[in-house]
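Encoded as structure tokens, the structure appears first; notes follow it.
Since the structure is predicted, the reported quantities are computational estimates derived from the model, not experimental observations.
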Amino acid sequence: MRVTAVLVAYNRRELLRESLAALAAQSRPVDRLVVVDNASDDGSVEVAAEMLEAWGERARHIELTENTGGAGGFATGIAAAVVEDDTDWVWVMDDDTVPGPDALAGALETYERYRASGPDDLAVMGSRVVWTDGEDHPMNTPKPKIRASEAERARAASVDAMEIRSISFVSAFLRAARVREQGLPIADYFLWNDDFEYSARLLRGARGLYVPASVVTHRTVKRGSSDQDPGPRFFYEVRNKLWVFRRSPALFGWEKLLYSAATARRWFRTFRASRDRAQLRDCLRRGWKAGWLTAPRSTRDVLRNAGVPVDVMYEVEKLSRLNDR
């Protein structure tokens, strides 16, 4: 198995340093590393350049000329990872994710055990995500796959894992072959729900596992859940959720109904806990309008003038055609 790690960075220089150090210290070494910088202006570019020297030709540093958000950064990085035909897994994370020393080894060992127990149909794996206190991070709590069969649950349990339907990009392992079949994350999401949509799209008709043997620390400022007050970013939550439910092929119809109901409950809790409900109402109004009246642009159009290297842009163009089907 050859694993390419993809790390997306934006203006978190010291966290980036910690994350890169943790990737370099993996007990099972990372085969290649792609760092995508989203036009940082805090010295993150210099930190990455310094720390990647030790990687030599195994590392690639992509400096975008504009901030394309997490969605654009991951689309760029994943495309750069699968440019190499021998990549088997793409390991994606943000710059505030610090992998434990056995994060990669634990994931691959679980995969090998799973592969030995039946068909080799695993498309996505997700790490156990903890906060700085070592407790599970509520923002990244995985949920079991709805309607997973007894056989699916039993097979996952046999390797000390859990069957899932989606996962966050805090630490996700994406099967490169599946990426080449299903395309890239949708860059126009910019922030939020790009990982939900993309992992659900990869997992439609395939298997995914939550792998507790792979542990990472999500070094957010607070140990908050996904329904905490997001401020002006709530616009992206609303618009992008509507894009997922109305335009994405990632979910079955019955799943869209269930996730829509869960989303409404979470938004209610967000409003109830907010200290600035007027701002959230404005975000809800604008996001609702954008989600109904617009469609996400093609990823190739979003990234075309963002400074993506030529060979990676060629891969983006090719994989974007799969998104546009």
Side-chain angles (χ1 to χ4, degrees), residues 3-10 32-40 44 48 60-85 87 89-97 123-124 126 166-204 233 236 239-241 243-244 247-250 294-325:
V3 178
T4 298
V6 171
L7 190 151
V8 176
Y10 178 68
R32 280 188 290 264
L33 171 62
V34 177
V35 176
V36 180
D37 186 90
N38 253 325
S40 296
S44 291
R60 183 167 192 178
H61 192 193
I62 298 176
E63 300 172 38
L64 299 181
T65 56
E66 63 180 69
N67 181 9
T68 63
F74 283 116
T76 300
I78 292 168
V82 299
V83 162
E84 305 293 340
D85 292 337
T87 297
W89 287 94
V90 183
W91 183 17
V92 297
M93 68 196 73
D94 274 313
D95 54 0
D96 60 353
T97 303
V124 175
S166 66
I167 200 70
S168 79
F169 279 166
V170 170
S171 176
F173 297 84
L174 314 174
R175 193 75 174 267
R178 190 66 172 166
V179 170
R180 296 182 182 106
E181 292 174 355
Q182 297 295 322
L184 296 170
I186 300 172
D188 209 22
Y189 276 51
F190 192 73
L191 292 174
W192 289 7
N193 294 300
D194 52 307
D195 47 4
F196 169 53
E197 189 278 337
Y198 186 58
S199 61
R201 181 158 31 105
L202 294 183
L203 284 170
R204 182 165 176 165
R233 294 184 174 189
Y236 296 107
R239 183 196 66 177
N240 295 353
K241 272 294 192 329
W243 278 353
V244 173
R247 300 184 179 277
S248 172
T294 68
R297 294 172 293 164
S298 171
T299 292
R300 63 176 176 270
D301 292 336
V302 175
L303 298 178
R304 184 168 289 144
N305 298 311
V308 178
V310 172
D311 63 324
V312 178
M313 194 63 216
Y314 175 81
E315 197 71 20
V316 169
E317 295 268 1
K318 181 173 66 176
L319 293 173
S320 290
R321 298 190 191 103
L322 301 175
N323 297 56
D324 299 339
R325 289 181 301 188

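- Taking each heavy atom of Thr4 and Ala81 in turn, the nearest pair found is CG2-CB, 3.7 Å.
- Residues satisfying the ring pair (Phe, Tyr, Trp, His ring centres under 6.0 Å) test with Phe74, not counting sequence neighbours, are Phe169.
- A pairwise comparison of heavy atoms in Ala250 and Arg201 identifies CB-N, 3.5 Å as the closest pair.
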Problem - Verdict with supporting geometry, Ser168 and Asp195, side-chain hydrogen bond (donor to acceptor under 3.5 Å, both in side chains) - result: CA-CA 5 Å; Ser168 79; Asp195 47 4; 4.7 Å; no

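- For Arg247, the CZ atom sits in a packed shell: over 12 heavy atoms of surrounding residues, nucleotides or ligands are nearer than 6.0 Å.
- Atom-to-atom distance recorded for Leu202:CG and Ser166:OG is 11.0 Å, nearest 0.5 angstrom.
- Taking the side chain as every heavy atom from C-beta outward, Val34 and Val36 approach each other to under 4.5 Å.
- Here the options are Arg175, Arg180, Arg32, the test is side-chain hydrogen bond (donor to acceptor under 3.5 Å, both in side chains), and the partner is Thr87; only Arg32 passes.
- Here the CZ atom belonging to Phe190 is positioned 4.5 Å from the CG atom belonging to Asn67, to the nearest 0.5 angstrom.
- Formation of a donor-acceptor pair under 3.5 Å by the Ser199 side chain with backbone atoms of Ile167 is found in this model.
- At distances below 3.5 Å, at least one donor-acceptor pair connects side-chain atoms of Asp37 with backbone N or O atoms of Ser40.
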Do any side-chain atoms of residues 302-310 form donor-acceptor pairs under 3.5 angstrom with protein atoms, and if so which ones, sequence neighbours left out?
from	atom 1	to	atom 2	distance (Å)
Arg304	NH1	Asp301	OD1	2.9
Arg304	NH2	Asp301	OD1	3.4
Arg304	NH2	Glu317	OE2	3.3

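- Judged as a side chain to side chain contact (heavy atoms under 4.5 Å, CB included), and not counting sequence neighbours, Ala39 has no contacts.
- Atom CG of Leu184 sits about 4.5 Å away from atom CG of Leu319, to the nearest 0.5 Å.
- Contact detail for Ala79 and Val312: the closest heavy-atom pair is CB-CG1, 3.9 Å.
- Residues Val90 and Ala176 share a closest heavy-atom pair of CG2-CB, 4.5 Å.
- Here the side chain of Asp194 pairs no donor or acceptor atom with the backbone of Ile186 at under 3.5 angstrom.
- For Leu203 against Ala123, the heavy-atom pair with the smallest separation is CD2-CB, 4.3 Å.
- Here Thr68 contributes atom OG1 and Leu191 contributes atom CG; the two are 9.5 Å apart, rounded to the nearest 0.5 Å.
- Under a 3.5 Å cut-off, the side chain of Arg60 and the backbone N or O of Val35 do not form any donor-acceptor pair.
- Using modelled atom types, no side-chain atom of Ser248 and backbone atom of Glu197 make a donor-acceptor pair closer than 3.5 Å.
- Between Phe173 and Trp91, the distance separating the two ring centers is shorter than 6.0 angstrom.
- For Asp188 and Arg239, the salt-bridge test fails: no basic side-chain N is under 4.0 Å from an acidic carboxylate O.
- Within the 4.5 Å cutoff, no side-chain heavy atoms of Val316 are placed close to those of Thr76.
- When all heavy atoms of Ile62 and Ala80 are compared, the closest pair comes out as CD1-CB, 3.8 Å.
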Practice task
Evaluate the criterion side chain to side chain contact (heavy atoms under 4.5 Å, CB included) for residue pair Arg300 and Met313; output intermediate values, then yes/no.
Solution key: CA-CA 8 Å; Arg300 63 176 176 270; Met313 194 63 216; 4.1 Å; yes

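- Taking CE of Met93 as the reference point, atom OG of Ser171 lies at 5.0 Å (rounded to 0.5 Å).
- Atom CD of Glu84 and atom CD of Glu315 lie 10.0 Å apart (nearest 0.5 Å).
- Considering only heavy atoms from C-beta on, Asp95 stays 4.5 Å or farther from Val8 through its side chain.
- Side chain of Arg178 to backbone of Val124: no donor-acceptor contact under 3.5 angstrom is found.
- Taking the centre of each ring, Tyr236 and Tyr189 stay at or above the 6.0 Å mark.
- Side chain of Asp94 to main chain of Val170: no donor-acceptor pair is present (N/O by atom type, distance under 3.5 Å, no hydrogens or angles).
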